[in-house]
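In this text, all values refer to a predicted model and were calculated from it rather than measured experimentally. So you know, we letter chains A, B, ... as the sequences are listed, proteins then strands, and number each from 1.
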Amino acid sequence: MRLLGGQEVTCPAALRKARRQEQLVSKRLLREDNAAQDGADVVPDPLSEDEVLELLRGVQRGSEDRKRSLGRLRWALQNEETQQKFVRLDGSIRTLTGLFTSSLAELQLEAARCLHELSHSSVPAVAEACLPVTSYLLTYLSGHSLELTELCLYTLGNLVVESEAVRKQLLPQGIIPVLASCIQSPHEAVLEGVGYVLSQLLQAKEAPTEIIPLVLDSALPQHMLQLVCSGLKADMGAAVEFAWCLHYIICRHKDNVLLLALGAVPALTSLLLDLASQIPQDAPEGLELLVCPVLRCLSNLLAQPGCQGQDGRLLIALFLILQCFLQQHPFLVQECLWLLNNLTADDPFFCSALLCLDLLPALLQLLTCSQMATVLVLTVLCNVAEKGQLQCQQLLQQPLLAQLLPLLTLPDPEAVGQCLELLHLLFLHCPEAAADFTRQGGHQALEQHQSIPELQERAQALLDVVRQPPGAPSQATLGAFS
Amino acid sequence: PPAPPPPPPAPPFSFAPRRLRLGLQHPLFEDGDVHRHLYLQGVLSSLQEVAERPKVSEFSCHISGCSQVFDTLESYEHHYNTLHRNVCSFCKRSFPSGNLLDIHILEWHDSLFQIMAEKQNMYQCLVEGCTEKFKSSKDRKDHLLLSQDVKFCLCSGSKHTSSPTEQGSSVPMDVSVEMAEQFQVNPMETGPEENMEISQPAASPGPSLQEKRLYKSRIPSTICFGQGATRGFKGPRKKV
């Protein structure tokens, strides 16, 4: 079974690299379920230039064969090389556009499918060749054929992510108002398509100035929020798309006043609580696709000044989610921990809740998940320790020091540095902990860092503390009080 | 007097609890974004509605005077929406959308329109998001072609000819493509071969017996925009 189109790149390392370089272009493909009997999606071989030309002539002729030719063309266009040859032919897009505006439903639909295949190309030139047809795609969004609307939506979404020229054309033609009206459709497939187009628009580099303001001015935000929050009961597909839309808006918009006013924080909190309570029994497939953007939205919103989590049950929900997804989708660990940081940083209530609800053992289990997780867990622990003596004492009872010691041998300076910060806070509030630390061999663990530039000052400061008899203030701790 | 004691050295510990706002490209999002990408790149099957769409045996359009026949609900639906839904009550022309119908009524059946058009720009762009207005139909057409890239008339049906009389009986299956070459204003856009390829109503084989049965009458000629028919200035504005 061959992979579709030219989309051979699924190796995670390559994808992560592309993402880092901001070159991760995602596209979606709709294809009818008329694959071969064995279920394999077989991509046709590329055609020669002559064969493509013959197909084009076949669809230009006004004969009964036209529909069949168009079907053959659509099949052939599943191949990326054929796509490129086709768009290079003079008049090819014009012909397809003409068929796309046909009064005959079957021809129109088949032409739409051809355009959709082209939109999915990984070669930018192919998508750009489709620029002339985008206005018509927009027009037919307000049409009555569900299948055509869905095709138009996904085709537009694919073209929009690829080409700034397409976006520049569609925005003044009113794509946002059209989408705002489509979002009121009762049809799930249409809703999901709308979410998809929007998610692509919102990732554009010019989105913060050109697109997000238009979206926020429209009726879209309240519908998006509502569709995300009803995702568990109704349409998960649409909820997923709009959750990602909200994430793109929230992380790129200044203060998100509108979304906060719409009650996004309590609504998304409530959704996470529902999600978490469903997990043990009947977790639907792909739940992590919804959880991820919702976590991000909530976390970014809660990071805004004046915004605070209100519901302690959110902590439990977070840990339930962590427990569920740890094995299969470990990427959620860092996302959850980031939210946990934002909940605990400035809020003694959540720090206490973390302790009282006995969630520390679970938190400490995450210490060894990944490099990023280690740093994040330590940061959360620092948030708690910073709150005062009582919190430090409860932390130390875990027992904490025994779990921290091995971390001091990690090759990651950022993790070790965070560990040193935590130790400093613990010794500051509970000086007797220093003696425990020494008893467990902490002294030697600290010494190995005396030669590392970014760690040596802190390591030395802690060594000073542990060498002192308990109770005697050191330079470092004195300094901390000034 | 004794010198003040030297200030203690600043502690090397810098931790302060801080809520973090992460931007679109933050490394923490990397893995999640890759997961989202893989989800999108998976192939989906088509709408469920397609599979469930009921097939019926042949039936005809119930609008009096229209004798088109269909064998799928979808083609009927498409036909109805294109030809019968937005019909002008004055001249019976039909339009693909309510907006185009409104513009038509204003420009063709409103007695004040011509008068006002002499003094100000009244011909509005047909693209719904565009607020531009023009002093003549031609200027608007130029704008559609050049700025909005609309080469094809968004209606279906009869040919866009300058003469009001209808043409001969053989109707190509896809009329809108045929209209395209007549709509072309810019000769640079297409070579002459292109035009000949597309508009071959005489040369191409006539519709087969099958098609003749399905399209018993010609597609009604009262579907076009702005061209070919006489204008009327009768009565108050009304919409079907």
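Contacts between A:Gln418 and chain B at a heavy-atom distance below 4.5 Å involve the side chain alone, from C-beta outward. Both the backbone and the side chain of B:Arg21 come within contact range of chain A, with heavy atoms under 4.5 Å apart. Residue B:Ser14 touches chain A through both its backbone and its side chain, counting heavy-atom pairs closer than 4.5 Å. Within the 4.5 angstrom heavy-atom criterion, only side-chain atoms of A:Glu386, from C-beta onward, approach chain B.
Among all heavy-atom pairs drawn from B:Leu20 and A:Asn300, the shortest one is O-OD1, 4.2 Å. Across all non-hydrogen atoms, the minimal contact from B:Gly32 to A:Phe331 is CA-CD1, 3.5 Å.
Side chain of A:Glu421 to backbone of B:Phe15: a donor-acceptor contact under 3.5 angstrom is found.
For B:Phe29 and A:Trp338, the gap between ring centers is short of 6.0 Å.
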**Request:** With side chain to side chain contact (heavy atoms under 4.5 Å, CB included) as the test, would you mind laying out the steps for A:Arg28 and B:Tyr39 before giving the verdict?
**Result:** CA-CA 9 Å; A:Arg28 216 166 189 189; B:Tyr39 164 70; 2.9 Å; yes
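In summary, B:Arg36 and A:Glu241 engage in a salt bridge, as defined by a charged side-chain N under 4.0 Å from a carboxylate O.
Aromatic ring orientation, A:His329 versus B:His35: perpendicular (interplanar angle above 60°, classes split at 30° and 60°).
Rounding to the nearest 0.5 angstrom, the gap separating the CG atom in B:Asp33 from the CZ atom in A:Arg19 is 4.5 Å.
For the options B:Arg18, B:Gln25, B:His26, heavy-atom pairs under 4.5 Å to chain A are most numerous at B:Gln25.
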